[in-house]
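All remarks here apply to the structure that follows.
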2 protein chains.
Amino acid sequence: MQETSQADQVVITAPHRELLDQVLDKWSLQVLDKLCGRPSRFNELRREIPVVTQKSLTATLRRLERNGMVERVVVATRPIAVEYRITPLGTTLQDLIDALLRWSTANMADVERARARFDAEA
Amino acid sequence: MQETSQADQVVITAPHRELLDQVLDKWSLQVLDKLCGRPSRFNELRREIPVVTQKSLTATLRRLERNGMVERVVVATRPIAVEYRITPLGTTLQDLIDALLRWSTANMADVERARARFDAEA
DNA sequence: CAGGATCCATTTTGATACTG
DNA sequence: CAGTATCAAAATGGATCCTG
């Protein structure tokens, strides 16, 4: 086992920055988090993620689909049903998202103290 | 050793989403990545991060400072010198950022294939 | 149900100029 | 050097209406 916590000259180039931006933004994080649990329908996601508009949710799902993170499955019923599910590529992100949430949970108190201190100065 | 890859009912609440948004956005990721390596001056960061405007860099540094991720050290020379350095709280993010970069590096090829496929349909 | 199209308000960003 | 101030431009977000 080698140490992997040091950045072995990993650099944030434009393509990496762009990908992370498209996958870690406000809505994508929440959509991926939901879909890692189980597949969901469009309006189901809309109800569970407060409070995303249909426009933003559509845009987010399209971008995640384009990047290969989610799959759009159309069921030809009447009316139409569309299921969104995480892809194998998308699941590679799951541990990272969990790690981000754990980090946020573990450090939220410190962050709030820092904010209070900062706001008290001014 | 317990498994930690499953989300033990960790949920993205508004405060967590807000914090992650403020710390993982386009410019913050790059600033933190630089500062994890070594402290830097304002214009140094500006030169190394292509291509951030002075306005966006100022806003990013202020926000990171407010959240306790970076420290702003003013050296009273003439002209003034300001050094930004990562805080202990900020370093807790380092492994996560490294992990994000490694994920991006490892999966970029698959992502590009997915994009090509998506764009080819239309 | 799952969106597409449109219009408008609010944010965010960019470019420039200026300052202690 | 390390910013602040200002104005214009561009991206984003919300609200509403419409459709297969």
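All values below come from the heavy atoms of this structure, side chains included, with hydrogens, waters and symmetry mates left out. In what follows, every chain begins at residue 1, and chains take the letters A, B, ... in the order their sequences are listed. Everything numeric here is computed off the predicted structure, so don't read it as measured data.
With C:dG3, D:dC1, C:dA2 as the candidates, the nucleotide lying closest to the side chain of A:Ile80 is C:dA2. Of all nucleotides listed (C:dA2, C:dG4, D:dT4), D:dT4 comes nearest to the side chain of B:Thr58.
The interatomic distance linking B:Asn43 (CG) with D:dT4 (P) rounds to 13 Å, in whole Å. The CZ atom of B:Arg62 sits 10 Å away from the C1' atom of D:dT4 (whole-angstrom rounding). In this structure, A:Leu45 places its CG atom 9 Å from P of C:dA2, rounding to the nearest Å. Between the CZ atom of A:Arg78 and the P atom of C:dG3 there is a distance of 18 Å, given to the nearest Å. In this structure, CD of A:Glu44 is placed 9 Å from P of C:dA2, rounded to the nearest angstrom. Taking atom CG of A:Leu61 as the reference point, atom P of C:dA2 lies 11 Å away to the nearest angstrom. Atom pair A:Asp25:CG and C:dT12:P shows a separation of 14 Å (rounding to whole Å applied). Here the C1' atom of nucleotide D:dG20 and the CZ atom of A:Phe42 are 15 Å apart, to the nearest Å.
Shown here for A:Pro50 and A:Trp27, the closest heavy-atom pair between the two residues is O-CZ3, 4.5 Å. The two atoms that bring A:Gly68 and A:Leu89 nearest to each other are O-CB, 3.6 Å, heavy atoms only.
In this structure, CG on A:Asn67 lies 4.5 Å from CD on A:Gln22, to the nearest 0.5 angstrom.
Counting heavy atoms from C-beta on, the side chains of B:Arg17 and A:Leu29 never come closer than 4.5 Å. In this structure, the side chains of A:Arg63 and A:Asp25 come closer than 4.5 Å at one or more pairs of heavy atoms. Looking at heavy atoms from C-beta onward, B:Met69 lies in side-chain contact with A:Val111 at the 4.5 angstrom threshold.
Across its full length, the helix from C:dC1-D:dG20 to C:dG20-D:dC1 shows an angle of 50° between the axes of its 5 terminal pairs at either end, rounded to 10 degrees.
Cluster annotation: B:Leu32 is not connected to A:Phe118 through the hydrophobic network of ILVMFWY side chains, with a link wherever side-chain heavy atoms come within less than 4.5 Å.
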- Show your reasoning for whether side-chain contact (heavy atoms from CB on, under 4.5 Å) applies to A:Leu57 and A:Gln54. CA-CA 5 Å; A:Leu57 183 56; A:Gln54 160 270 6; 5.8 Å; no
Enumerate donor-acceptor pairs with a distance under 3.5 Å from any side-chain N or O in residues 75-84 of chain B to protein atoms, sequence neighbours excluded.
residue : atom : partner : partner atom : Å
B:Thr77 : OG1  : B:Pro79 : O            : 2.8
B:Glu83 : OE1  : B:Arg85 : NE           : 3.4
B:Glu83 : OE1  : B:Arg85 : NH2          : 2.6
B:Tyr84 : OH   : B:Arg72 : NE           : 3.3

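The side chain of B:Arg46 places no N or O atom within less than 4.0 Å of a non-bridging phosphate oxygen (OP1 or OP2) of D:dC1. Applying the 4.0 Å criterion to OP1 and OP2 of C:dT12, one finds that B:Arg63 has every side-chain N and O outside that range. Look at B:Arg72 and you'll find a side-chain N or O under 4.0 angstrom from OP1 or OP2 of D:dG3. For A:Tyr84 and C:dC1, the shortest distance from a side-chain N or O to OP1 or OP2 is not below 4.0 Å. For the OP1/OP2 pair of D:dA2 and a distance below 4.0 Å, the side-chain nitrogens and oxygens of B:Arg41 include at least one atom meeting the criterion.
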Dump the pairs, protein N or O against N or O of nucleotides 12-15 of chain D, anything under 3.5 Å, distances to one decimal.
residue : atom : partner : partner atom : Å
D:dG13  : O6   : A:Lys55 : NZ           : 3.2
D:dG14  : O6   : A:Lys55 : NZ           : 2.4

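Each of A:Val23, A:Leu19, A:Ile12, A:Leu24 was evaluated against B:Leu100; a single residue qualifies, A:Leu24, per the side-chain contact (heavy atoms from CB on, under 4.5 Å) test.
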